[in-house]
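The structure under discussion appears below in the form of structure tokens.
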Amino acid sequence: MQVDTPRTVAEAVAVQDRLRPLADLVGPGPRRPAMVAGLDVAYAESGDLLAAAVTVLDAATLTVVDRAVSVGRPAFDYVPGLFAFRELPALLAALDGLTVQPELLVCDGHGLAHPRRFGLACHLGVVTGLPAIGVGKTRLVGESAEPGPRRGDSTPLIDGGETVGRVLRTRDGVKPVFVSVGHRMSLDNAVDQVLALTPRYRLPETTRTADRLCRDALAAART
DNA sequence: GCGACAG
DNA sequence: ATCTTGTCGC
């Protein structure tokens with residue numbers, strides 16, 4: 001699968017505006033997905049090389065059953081709000097390398113919780129047609145109250161008067177993550193899936209395994 | 001004009 | 001994202 005990469009900020013924003021209506025923000029999406037994918041990208045210090053990775057986990061055992069990587073160059077400069085254009089080509093190339101088809105994409109970044117309501121998770125979901133959610137480590141937009149201290153505690157993430165996501169504590173006492181809908185998923189289901197993927201660590205097993213894979217792939221490519 | 005700003 | 005040591009806590 002492939003996608004056109006805009007050359008300017010104006011073009012990129014136009015692409016987001018054109019694709020945004022195609023995102024299904026209702027879902028509810030699979031309640032018991034058998035295969036869940038994690039996606040992540042690692043960059044070389046030089047900034048001109050990157051490795052994208054996708055890992056597919058058996059949702060019941062959280063075991064990696066398939067994986068794929070793609071090495072390339074960033075497709076766009078980093079601009080908050082246009083982050084997806086940087087990694088999209090490489091992530092799609094990695095997805096093409098899969099043998100096992102996932103039923104849900106867990107993205108490292110936001111979905112609806114975006115200034116124009118079209119973050120990486122929405123973009124990946126719309127382009128692939130697969131259910132997708134975003135799990136960010138830090139905030140991009142929105143305000144929220146501090147969630148309770150226990151795993152599962154959460155508060156709404158609100159931006160411009162609308163709920164765009166959920167600030168969720170995935171483990172007792174750890175910094176919360178930002179969950180938002182990407183495509184074909186409800187926010188409640190997205191939160192449930194994230195909790196199912198975090199039995200031990202703050203971040204979903206999907207993003208953890210993908211993170212390790214892309215780092216290793218980058219190290220191997222640098223030689 | 002001064003901050004904020006996914007990864 | 002990446003550059004980086006020690007350090008606090010379980």
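First the proteins, then the strands, lettered A, B, ... as listed; each starts at 1. Remember, predicted model here, so these are calculated numbers, not experimental data.
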_Integer-rounded Å distance: C/dA1 P and A/L49 CG_ =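 It is 16 Å, rounded to the nearest whole Å.
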
*Atom-pair distance (CG on A/L218; P on C/dT2), nearest Å*: 8 Å

[X] bridged to [Y] by N-O distance under 4.0 Å:
X      : Y      : answer
A/E103 : A/R32  : no
A/D108 : A/K137 : yes
A/D17  : A/R20  : yes

Shortest non-hydrogen contact from [X] toward [Y]:
X      : Y      : value
A/R171 : A/R202 : CG-N, 3.7 Å
A/T206 : A/L57  : N-CD2, 3.9 Å
A/P204 : A/V194 : CG-CG1, 4.4 Å
A/C214 : A/V41  : SG-C, 3.7 Å

*Just by distance, with hydrogens left out, do A/R67 and A/T209 show a side-chain donor and acceptor under 3.5 Å apart?*
no

_Flag, side chain of A/H114 to backbone of A/G81, donor-acceptor distance under 3.5 Å_ =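 Judged by distance alone, yes, a pair lies under 3.5 Å.
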
*CZ of A/R222: more than 12 outside heavy atoms within 6.0 angstrom?*
no

Polar atom pairs between nucleotides 1-7 of chain B and protein, under 3.5 Å, N or O only, would you list them?
{"from": "B/dA4", "atom 1": "O3'", "to": "A/R139", "atom 2": "NH2", "distance (Å)": "3.4"}
{"from": "B/dC5", "atom 1": "OP1", "to": "A/R139", "atom 2": "NH2", "distance (Å)": "2.6"}
{"from": "B/dA6", "atom 1": "OP2", "to": "A/Y78", "atom 2": "OH", "distance (Å)": "2.4"}
{"from": "B/dA6", "atom 1": "O4'", "to": "A/H110", "atom 2": "ND1", "distance (Å)": "3.2"}
{"from": "B/dA6", "atom 1": "N7", "to": "A/G81", "atom 2": "N", "distance (Å)": "3.2"}
{"from": "B/dA6", "atom 1": "N6", "to": "A/G81", "atom 2": "O", "distance (Å)": "3.2"}
{"from": "B/dA6", "atom 1": "N6", "to": "A/F83", "atom 2": "N", "distance (Å)": "3.3"}
{"from": "B/dA6", "atom 1": "N6", "to": "A/H114", "atom 2": "NE2", "distance (Å)": "3.4"}
{"from": "B/dA6", "atom 1": "N1", "to": "A/L120", "atom 2": "N", "distance (Å)": "3.1"}
{"from": "B/dA6", "atom 1": "N3", "to": "A/H110", "atom 2": "N", "distance (Å)": "3.1"}
{"from": "B/dG7", "atom 1": "OP1", "to": "A/K137", "atom 2": "N", "distance (Å)": "2.8"}
{"from": "B/dG7", "atom 1": "OP2", "to": "A/T138", "atom 2": "OG1", "distance (Å)": "2.8"}
{"from": "B/dG7", "atom 1": "O3'", "to": "A/D108", "atom 2": "OD2", "distance (Å)": "3.1"}

_Can you list every stem that DNA chain B is part of, counting only runs of 3 or more consecutive Watson-Crick or G-U wobble pairs with both distances under 3.5 Å?_
none

*asked:* Classify the ring geometry of A/F85 against A/H123: parallel below 30°, tilted from 30° to 60°, perpendicular beyond 60°.
replied: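 Perpendicular.
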
_Going by side chain to side chain donor-acceptor pair (under 3.5 Å), name the residues that satisfy it together with A/R18, two or more places apart in sequence or in a different chain._
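If we apply the side chain to side chain donor-acceptor pair (under 3.5 Å) test to A/R18, skipping adjacent residues, there are no hits.
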
_side chain to side chain donor-acceptor pair (under 3.5 Å) partners of A/R150, counting only residues at least two apart_ =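 Applying side chain to side chain donor-acceptor pair (under 3.5 Å) to A/R150 gives A/D172.
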
_Under 4.0 Å protein heavy-atom contacts per nucleotide of nucleotides 4-10 of chain C, with B for base, S for backbone only and - for none_ = -------

*Of all the base pairs, Watson-Crick or G-U under 3.5 Å, which form stems of three or more consecutive pairs involving DNA chain C?*
none

